[in-house]
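This structure is a prediction, so every number in the text was calculated from the model and none was measured. Residue numbers start from 1 in every chain, and the chains themselves are labelled A, B, ... in the order their sequence lines are given, proteins ahead of strands.
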2 protein chains.
Amino acid sequence: MQKLTVGIEKAATILKLLGDKTRLAMMKMLETHDYCVCEFVEIFKMSQPAISQHIRKLKDAGLVQETRRGQWIIYSLNKDNDYYPLVHSLLQHLPSQDFKLQELEEQGLRISCD
Amino acid sequence: MQKLTVGIEKAATILKLLGDKTRLAMMKMLETHDYCVCEFVEIFKMSQPAISQHIRKLKDAGLVQETRRGQWIIYSLNKDNDYYPLVHSLLQHLPSQDFKLQELEEQGLRISCD
DNA sequence: TTAATATATAACAATGTACTTATATATTCA
DNA sequence: TGAATATATAAGTACATTGTTATATATTAA
């Protein structure tokens, strides 16, 4: 059961988390596809630990969830989270990031294709 | 003319601004009433410079606007801002903070009553 | 079992944030 | 004009954040 509204303090925590362009882009991207860490590393041209640390923050807040698939760990949005309605409505205001997925596919670097 | 979506980077900047419980509460409160700095000082039990600095950030981002009324400066939401649709939809997920206004009135500290 | 790959964690440095106190500016009113 | 009030700004400090590099852990495949 999800709440209609969310406490101000907790909401501020979520917004602070999303107030980083890398994490915000990740969330928008996860709206349409799942991704593994190594794909994000390619997409954001950022070190693997940096990506891993961003994802951990999202995971600790319950915004994303992980599933291991062999040697890869696939991340997806956790739509059951209490804050998902807030997050969802905010993501609607952002432009699709699917062009990044396309770039990845053109480079032959897409891994977690379903 | 407002845009349908907003760049990821700029959106992250806005969300980071709102990712502070004081500023987020201010924005929610400004949805229903205008406030002056001295009222926020009472409500948030915070020093005047601290409040002033929070408001300046909101103002610099164009989220709020000021109007001088005598010795007071009244702050209100800037609904013409490009990011207002995003901000508005996100505030809908937060509980009303009107009880804070009531407290203020009960203490006889309400200033900027229209 | 060993090498290769994917991910996580730890320790650190640079930078950013949010307060504080002290002080400046603007307005009102006696 | 001068005192009182409201607000802004500056400088300093404590703490948080985000990257880095080095290293640990987990899985796969030879």
Side-chain angles (χ1 to χ4, degrees), chain A residues 8-10 12-27 30 34-61 63-76 104 107-113, chain B residues 8-10 12-27 30 34-61 63-76 104 107-113:
Chain A
I8 291 268
E9 294 203 15
K10 194 68 195 183
T13 304
I14 300 295
L15 296 179
K16 180 183 287 178
L17 264 178
L18 300 184
D20 173 278
K21 66 179 195 291
T22 304
R23 288 191 297 265
L24 186 59
M26 284 176 171
M27 289 296 286
L30 287 170
D34 298 348
Y35 286 88
C36 67
V37 170
C38 63
E39 290 171 321
F40 282 139
V41 169
E42 284 302 324
I43 288 167
F44 293 107
K45 310 286 185 224
M46 203 175 277
S47 74
Q48 176 270 317
I51 294 295
S52 211
Q53 284 156 18
H54 279 304
I55 289 181
R56 180 151 72 121
K57 290 183 183 185
L58 296 175
K59 194 181 66 175
D60 287 351
L63 296 181
V64 304
Q65 58 203 168
E66 60 179 45
T67 318
R68 184 175 276 278
R69 187 182 305 167
Q71 62 194 142
W72 296 284
I73 298 177
I74 310 296
Y75 288 92
S76 56
L104 204 64
Q107 293 176 271
L109 295 170
R110 179 72 171 149
I111 306 264
S112 57
C113 35
Chain B
I8 290 267
E9 294 203 16
K10 194 69 197 187
T13 304
I14 300 295
L15 297 179
K16 181 180 288 178
L17 264 179
L18 300 183
D20 173 279
K21 66 180 195 292
T22 304
R23 287 191 297 265
L24 187 59
M26 285 176 170
M27 289 296 287
L30 288 171
D34 297 348
Y35 287 88
C36 68
V37 170
C38 62
E39 291 173 320
F40 281 140
V41 169
E42 285 302 324
I43 289 167
F44 293 107
K45 311 287 185 223
M46 204 176 274
S47 75
Q48 177 269 316
I51 294 294
S52 211
Q53 284 157 17
H54 279 304
I55 289 182
R56 183 151 69 121
K57 289 183 184 188
L58 295 175
K59 195 182 65 173
D60 286 351
L63 296 181
V64 305
Q65 58 204 166
E66 61 179 46
T67 320
R68 184 174 277 277
R69 187 183 304 167
Q71 62 194 144
W72 296 284
I73 297 176
I74 310 298
Y75 287 91
S76 56
L104 204 64
Q107 291 176 273
L109 295 170
R110 178 71 171 150
I111 306 261
S112 57
C113 34

Would you please confirm or rule out a distance under 4.0 Å between OP1 or OP2 of [N] and any side-chain N or O of [X]?
X: Lys57(B); N: dA18(C); value: yes
X: Tyr35(A); N: dT7(C); value: no
X: Arg56(B); N: dT9(D); value: yes
X: His54(A); N: dT17(D); value: no
X: Arg23(B); N: dA18(C); value: yes
X: Ser52(A); N: dT7(C); value: no
X: Arg68(B); N: dA6(D); value: no

Exercise. Base, sugar-phosphate, or nothing: which does Phe40(B) touch, judged by heavy atoms less than 4.0 Å apart?
Worked result: nothing

Exercise. Taking the side chain of Lys16(A) as its heavy atoms from C-beta onward, which of dT17(D), dA6(C), dA18(C) lies nearest to it?
Worked result: dT17(D)

Problem set entry | Closest to the Ser47(A) side chain, choosing from dA8(D), dT20(D), dT21(C) | dT20(D)

Problem set entry | Atom pair distance, as rounded to whole Å: CD in Gln71(A) and P in dA6(C) | 5 Å

Exercise. Can you check the Asp20(B) CG to dG16(C) P distance for me, whole Å?
Worked result: 18 Å

For this session: Answer yes or no: are there more than 12 heavy-atom neighbours, outside Glu9(B) itself, under 6.0 Å from its atom CD?
Result: no

Exercise. What about Gln53(B), does its side chain sit under 3.5 Å from the base of dT7(D) through a donor-acceptor pair?
Worked result: no

Exercise. Less than 3.5 Å between a donor and an acceptor, one on the side chain of Gln48(B) and one on the base of dA8(D), is that the case here?
Worked result: yes

For this session: With DNA chain C as reference, determine whether Gly70(B) or Ala50(A) sits nearer its 5' end, using the nearest nucleotide of each.
Result: Ala50(A)

Exercise. Between Leu30(B) and Leu63(B), does a side-chain contact (heavy atoms from CB on, under 4.5 Å) hold up when you go through it step by step?
Worked result: CA-CA 10 Å; Leu30(B) 288 171; Leu63(B) 296 181; over 6 Å; no

For this session: Answer yes or no: is there a side-chain heavy-atom contact under 4.5 Å between Ile43(A) and Tyr35(A)?
Result: yes

Exercise. Do the non-hydrogen side-chain atoms of Gln53(A) and Pro49(A) ever get within less than 4.5 Å of each other?
Worked result: yes

For this session: Return the 5'-most residue of the pair Lys21(A), Pro49(B) with respect to DNA chain D, ranking by each residue's nearest nucleotide.
Result: Pro49(B)

